[in-house]
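These values consider heavy atoms only, across backbone and side chains, with no hydrogens, waters or symmetry-generated copies. Only a predicted model underlies this, so the values are computations on that prediction, with no experimental measurement involved.
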Amino acid sequence: MRLRVYRYDGKEEGYDDFTVPDKEGQTVLDALFFIQEELDDSLSFRYSCRGAVCGSCAMLIDKVPRLACRTQVQEVKEEEVDIARYQALEEGKSVSDDHILIEPLPHLEVKKDLVVDMDKFFENYGKIEPWIEAKKGLEKEHLMDPKRVRELEDYTNCIMCAACFGSCPVNGEKEGYLGPAALAKLYRFHKDPRDKRERLYLADHENGWWACDFYTNCRTVCPKDVPPNLGIGNARRELESEEDED
Ligand code: SF4
Ligand code: FES
């Protein structure tokens, strides 16, 4: 299989083609290692766990944000991913049957080749104050109703990979938009019964809940099935009904 890989060295950008031997079960990350070890040791990419846990290896694979360690080379062309296309995800000339196109995630500054600067993503995460402020009177462990835990689980499974951030057309249009992952996490803390704070207001502005246009790309590409679009919709309904009561 041929891989067409985006390259950037701080000055010039372009694409390099590499041929990687076909191997049963080979992931895109394995293929990138083959390139780095056997063909071009200057290729840069990010990874850590190699098991879809750390969230480090998200990149555009044939114009779809995916985890390189979880995506098998042989399956890329077989898998139809139904997402809303916009400029960064357009299937241009460069996607073709005779190679797999590998590029960095959109909306984040490229540092080198496939490595992006995640600061913007984590700054947005920080804005939603992602920690629990415990209610008073809880002197022992914080017991939670298992039903409530199951409700929260969908949102706690996020591995902060930023695939949703790169898939979202609104992130491309609105520089300040908090993005799907931060909003999903804020909704998760809002629903946590151990937390004493009202916090929906942290995103009650034009770059928060109200910026989402419900393309739902976030949910489609999420490797952990987190549904940011559902949390955003619920948060909006709650805010609207609070307004109606006032
Ligand atoms: S919500 Fe999903 S796609 Fe977005 S950062 Fe979390 S794990 Fe990644
Ligand atoms: S290397 Fe950790 S998620 Fe891919």
Under-4.0 Å salt bridge between Glu175 and Lys120: yes
side-chain hydrogen bond (donor to acceptor under 3.5 Å, both in side chains) pairs, two or more places apart, involving residues 219-228: none
Salt bridge flag under 4.0 Å for residues Glu79 and Arg66: yes
Minimum-distance pair of heavy atoms, taken over all atoms of Ile159 and Val53: CG2-O, 3.2 Å
hydrophobic_cluster_shared for Val73 and Val5, side chain cutoff 4.5 Å: yes
Side-chain (Arg2) to main-chain (Asp17) donor-acceptor, under 3.5 angstrom: no
Arg7 and Glu12 ion-paired at < 4.0 Å: no
ILVMFWY cluster, Phe165 and Tyr6 together (side-chain gap under 4.5 Å): yes
Pairwise side-chain contact, His205 with Trp210, heavy-atom cut-off 4.5 Å (strictly under): no
Residues in ring pair (Phe, Tyr, Trp, His ring centres under 6.0 Å) contact with Tyr177, at least two apart in sequence or another chain: none
Residue pair Asp62, Ile100: steps toward the side chain to side chain contact (heavy atoms under 4.5 Å, CB included) verdict: CA-CA 6 Å; Asp62 265 8; Ile100 294 174; 4.1 Å; yes
Glu38: salt bridge (charged side-chain N to carboxylate O under 4.0 Å, His left out) partners, not counting sequence neighbours: none
Stepwise side chain to side chain contact (heavy atoms under 4.5 Å, CB included) check, Leu200 with Trp209: CA-CA 9 Å; Leu200 284 188; Trp209 308 118; 3.6 Å; yes
Exam field: side chain Asp41 to backbone Gln36, donor-acceptor pair closer than 3.5 Å: no
Nearest non-hydrogen partners of Glu206 and Ala211, listed with the distance: O-CB, 3.1 Å
In one Ile/Leu/Val/Met/Phe/Trp/Tyr side-chain cluster, 4.5 Å: Leu152, Val226: no
Pair listing, ring-ring contact (aromatic ring centres under 6.0 Å, His included) test, anchored in residues 47-72, at least two apart: Phe33-Tyr47
Backbone of Asp119 reached by a side-chain donor or acceptor of Glu109 within 3.5 Å: no
Minimum side-chain heavy-atom gap Tyr187-Ile232 below 4.5 Å: no
Minimal non-hydrogen separation, Ala134 against Lys196, with atom names: O-CD, 3.7 Å
Neighbour count >12 (heavy atoms, 6.0 Å) for atom CG, Asp82: no
ILVMFWY cluster, Val28 and Leu67 together (side-chain gap under 4.5 Å): no
Atom of Cys218, atom of Ser167 and distance for their closest heavy-atom approach: N-OG, 3.6 Å
Minimum side-chain heavy-atom gap Asn124-Leu183 below 4.5 Å: no
Pairwise ring-ring contact (aromatic ring centres under 6.0 Å, His included) hits with a residue in residues 55-87, at least two apart: Tyr86-His107
Nearest atoms (heavy-atom pairs only) where Pro65 meets Val221: O-CB, 3.7 Å
No-hydrogen, no-angle side-chain donor-acceptor test under 3.5 Å, Trp131 and Asp195: no
Residues Asp192, Arg194: salt bridge by 4.0 Å N-O rule: yes
Single-linkage hydrophobic cluster Leu186~Val170, side-chain heavy atoms < 4.5 angstrom: yes
Shortest non-hydrogen contact between Ser44 and Asp113, atoms and distance: N-OD2, 2.9 Å
side-chain hydrogen bond (donor to acceptor under 3.5 Å, both in side chains) involving Asp30 - partner list, sequence neighbours excluded: Thr27, Arg50
Sidechain N-carboxylate O distance under 4.0 Å for Glu240, Arg237: no
Student check: side-chain heavy atoms of Asn217 and Cys168 closer than 4.5 Å: no
Steps toward side chain to side chain contact (heavy atoms under 4.5 Å, CB included) verdict (Phe121, Leu105): CA-CA 11 Å; Phe121 177 79; Leu105 280 182; over 6 Å; no
Whether over 12 other heavy atoms sit under 6.0 Å from Glu37 CD: yes
Electrostatic pair Lys77-Asp97, nearest N-O below 4.0 angstrom: no
Pair Val110-Glu13, side chain to side chain contact (heavy atoms under 4.5 Å, CB included): steps then yes or no: CA-CA 10 Å; Val110 179; Glu13 60 175 352; over 6 Å; no
Side chain Arg188, main chain Pro130, donor-acceptor under 3.5 Å: no
Sidechain-backbone polar pair: Asp22 side chain, Met1 backbone, donor-acceptor under 3.5 Å: yes
Candidates Arg199, Glu238, Glu198 - the one meeting side-chain hydrogen bond (donor to acceptor under 3.5 Å, both in side chains) with His190: Glu238
Test item: Lys191 side-chain N/O and Gly231 main-chain N/O as donor-acceptor pair under 3.5 Å: no
